[in-house]
Protein chains: 2
Amino acid sequence: MVRKTKEDAALTRQRIIAAARAVFLTRGVSHTTLEHIAAQAGVTRGAVYWHFKNKTEIFHVMRDHVFLPLIDRMDDTLTLEDGDDALTQIEKSMCETIHELNENIEMRQIYEIMMIKCEYVGEFATVLQQILDNCSNITGKFELAYARAKDQNILSSTHTPLALALDTHLFFSGLLHMWVKDADGSRFRFQATELIKLHINLRRK
Amino acid sequence: MVRKTKEDAALTRQRIIAAARAVFLTRGVSHTTLEHIAAQAGVTRGAVYWHFKNKTEIFHVMRDHVFLPLIDRMDDTLTLEDGDDALTQIEKSMCETIHELNENIEMRQIYEIMMIKCEYVGEFATVLQQILDNCSNITGKFELAYARAKDQNILSSTHTPLALALDTHLFFSGLLHMWVKDADGSRFRFQATELIKLHINLRRK
DNA sequence: TTATATACAAACAAGAATGTATGTATATAG
DNA sequence: CTATATACATACATTCTTGTTTGTATATAA
């Protein structure tokens, strides 16, 4: 039996991506073979090569599928006009990401793959640039939010919004890295939200 | 000509390690072949296999050679009894690490390899545990320093030393990651020291 | 209904990479 | 001075991995 229907094919494609995620996680991207992925997906390499050019393409599709929406959501939380004050918005944007990592296995695994199961070399060097660009974007949003906080007169410190934004961004980067590395959850995961609130409280008047 | 003197052999060994570092940096650990390393060192795989069991061993030796001393030095700065107040000690310990990264090419490259050119899978999973342990250690030292700062009455916030220590550690982790990723230096490297001072000033009364 | 493009499986060819085994010239110990 | 261990280079066998090619049953378009 071959030549499935279009829906079947789309499903196969999805299963290959999911299989890749599982194998990347346990073996690392570099040591993952297309044969590994195919076997995990219950197909042969023929199917994999039909749907994707190579391993790199699978990686990028897998990443974009989950990552791009996340960035958008963080943006939204930071810029949306609801009742919260600016500091609360910053706090929420970070807490939401952590919450997402806790609830969404797919996202958690992709984060883990990207942080400690992938080597940013050759074709993957561009991904690094994307990460840096995204960081600049987030920092920019933080800065705007801190500027609003300053206007709202809820800041305890006299530092510039940019300075505060950079510090917050570095804190959050560190938190995400540690969150991922702390697989058993005993060090950071269980108190991630509290650490965020603490970080924000440090700046609240 | 074979069978060099003992000094020659030790030199060969060192050159293999240096070669591995260079190749790891450009190709990533996984995609690095012992042939690559040997060629870069100007020897054959025979020499490599004589000095080391395999690629993993080279990696560990390379890492320990530079990494363990760094950890000790950071410890020292944080616990040493000189004239500085506790907050200045924390600041200095971080600035010194950054300074070391700026000046010491070897260390900078190894940091880069460990952060974005290595997959923590299989045999390398233990390294991840070591990193976590080291983080706990650093956080502990920060906590003690913040406790001293509290005694010295130079803290602006009323948070616990542990909370402050965790926040600082996450900040520093994020900074190191960004420092490494920011290869052209336009985003973080040029202002790393200022970011550290800013972070500390946030807590100084 | 038939022709064709689709969605794979299976087979093939070629190159890497690893580990080991063997060879060998020479420091060095005795 | 000689025997041996050392410090490699070279050769070999084996296993992976990749990319491509070929085969084929069947949706689907016409």
Side-chain angles (χ1 to χ4, degrees), chain A residues 1-62 113 117-119 121-124, chain B residues 1-62 113 117-119 121-124:
Chain A
M1 38 46 171
V2 266
R3 174 55 174 159
K4 320 275 187 61
T5 178
K6 279 200 175 194
E7 295 87 44
D8 285 339
L11 211 149
T12 300
R13 186 187 147 95
Q14 286 309 117
R15 291 178 57 230
I16 290 173
I17 295 174
R21 177 160 43 86
V23 184
F24 285 162
L25 198 67
T26 56
R27 313 182 80 113
V29 175
S30 299
H31 295 103
T32 293
T33 298
L34 291 189
E35 173 62 34
H36 293 149
I37 297 175
Q40 175 81 18
V43 294
T44 65
R45 274 170 50 244
V48 177
Y49 272 108
W50 197 88
H51 283 285
F52 304 95
K53 185 185 166 197
N54 53 28
K55 194 169 69 175
T56 307
E57 191 177 283
I58 302 178
F59 177 86
H60 280 106
V61 170
M62 175 198 78
I113 291 167
K117 270 93 190 266
C118 174
E119 297 177 1
V121 163
E123 306 180 284
F124 290 86
Chain B
M1 37 45 172
V2 267
R3 175 54 174 161
K4 320 274 186 65
T5 178
K6 281 201 174 192
E7 296 87 46
D8 285 340
L11 211 149
T12 300
R13 187 187 147 94
Q14 285 311 117
R15 291 179 56 228
I16 290 173
I17 296 174
R21 177 160 43 87
V23 184
F24 285 162
L25 199 67
T26 56
R27 312 183 79 111
V29 175
S30 299
H31 295 103
T32 293
T33 297
L34 291 189
E35 175 61 33
H36 293 148
I37 297 175
Q40 175 82 17
V43 295
T44 66
R45 273 169 52 243
V48 177
Y49 272 109
W50 197 88
H51 283 285
F52 303 95
K53 186 185 165 196
N54 52 29
K55 194 169 69 176
T56 308
E57 191 177 282
I58 302 178
F59 176 86
H60 279 105
V61 170
M62 176 198 78
I113 291 166
K117 269 93 190 268
C118 175
E119 297 177 2
V121 163
E123 305 180 286
F124 289 86

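Chain letters run A, B, ... following the sequence lines, proteins first, then strands; residues in each count from 1. This structure is a prediction, so every number in the text was calculated from the model and none was measured. The figures here come from the full heavy-atom set of this structure, side chains too, leaving out hydrogens, waters and symmetry mates.
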dA17(C) P sits how many Å from Lys55(B) NZ, rounded? 9 Å
Arg27(B) side chain to Thr32(B) main-chain N or O, any donor-acceptor pair under 3.5 Å? no
note: His31(A), atom NE2; dT17(D), atom P; distance rounded to Å ~ 9 Å
Integer-rounded Å distance: dA27(C) C1' and Asp8(B) CG: 10 Å
Measure from CZ on Arg15(A) to P on dA7(C) and round the result to the nearest Å. 16 Å
Taking the side chain as everything from C-beta on, heavy atoms only, tell me whether Phe124(B) gets closer than 4.5 Å to Val29(B). yes
Check every strand shown and say whether Thr33(A) touches a base, only sugar-phosphate, or nothing at a heavy-atom separation below 4.0 Å. sugar-phosphate
Give a yes/no answer on whether the side chain of Thr5(A) brings an N or O atom under 4.0 Å of OP1 or OP2 in dT28(D). yes
So which nucleotide from dA7(D), dG19(C), dA11(C) ends up closest to the side chain of Lys6(B)? dA7(D)
Select one nucleotide: of dG19(D), dA7(C), dT18(C), the one nearest the side-chain heavy atoms of Leu34(A). dG19(D)
The side chain of Trp50(A) is closest to which nucleotide in this list: dC8(D), dG19(D), dC8(C)? dC8(C)
Check whether any side-chain nitrogen or oxygen of His51(A) sits under 4.0 Å from OP1 or OP2 of dA7(C), and answer yes or no. no
Strictly below 4.0 Å: does Thr12(A) bring a side-chain N or O up to OP1 or OP2 of dA7(C)? no
Examine distances only and state if a side-chain atom of Lys55(A) and a backbone atom of Ser30(A) form a donor-acceptor pair shorter than 3.5 Å. yes
The side chain of Val43(A) is closest to which nucleotide in this list: dA7(D), dT28(D), dA9(C)? dA9(C)
Within a strict 4.5 Å, meaning less than it, do heavy atoms of the Leu34(B) and Phe52(B) side chains meet? no
Could you state the atom-to-atom distance from OH of Tyr49(B) to P of dC8(D) in whole Å? 16 Å
Can you tell me the distance, in whole Å, between the CD atom of Glu35(A) and the P atom of dT15(D)? 16 Å
Whichever of Gly42(A) and Asn54(B) has its nearest DNA chain C nucleotide further upstream toward 5': Gly42(A)
Tell me: CD of Glu7(A) to P of dT28(D), nearest whole Å? 7 Å
Is Met62(A) close to Phe24(A) at the side-chain level, that is, under 4.5 Å between some pair of heavy atoms? yes
Out of dA9(D), dT17(D), dA17(C), which has the shortest distance to the side chain of His36(A)? dT17(D)
Rounded interatomic separation in angstrom, taking CD from Glu57(A) and P from dG19(D): 12 Å
Counting side-chain heavy atoms from CB outward, which of dC8(C), dT20(C), dT18(D) is closest to Ala47(A)? dC8(C)
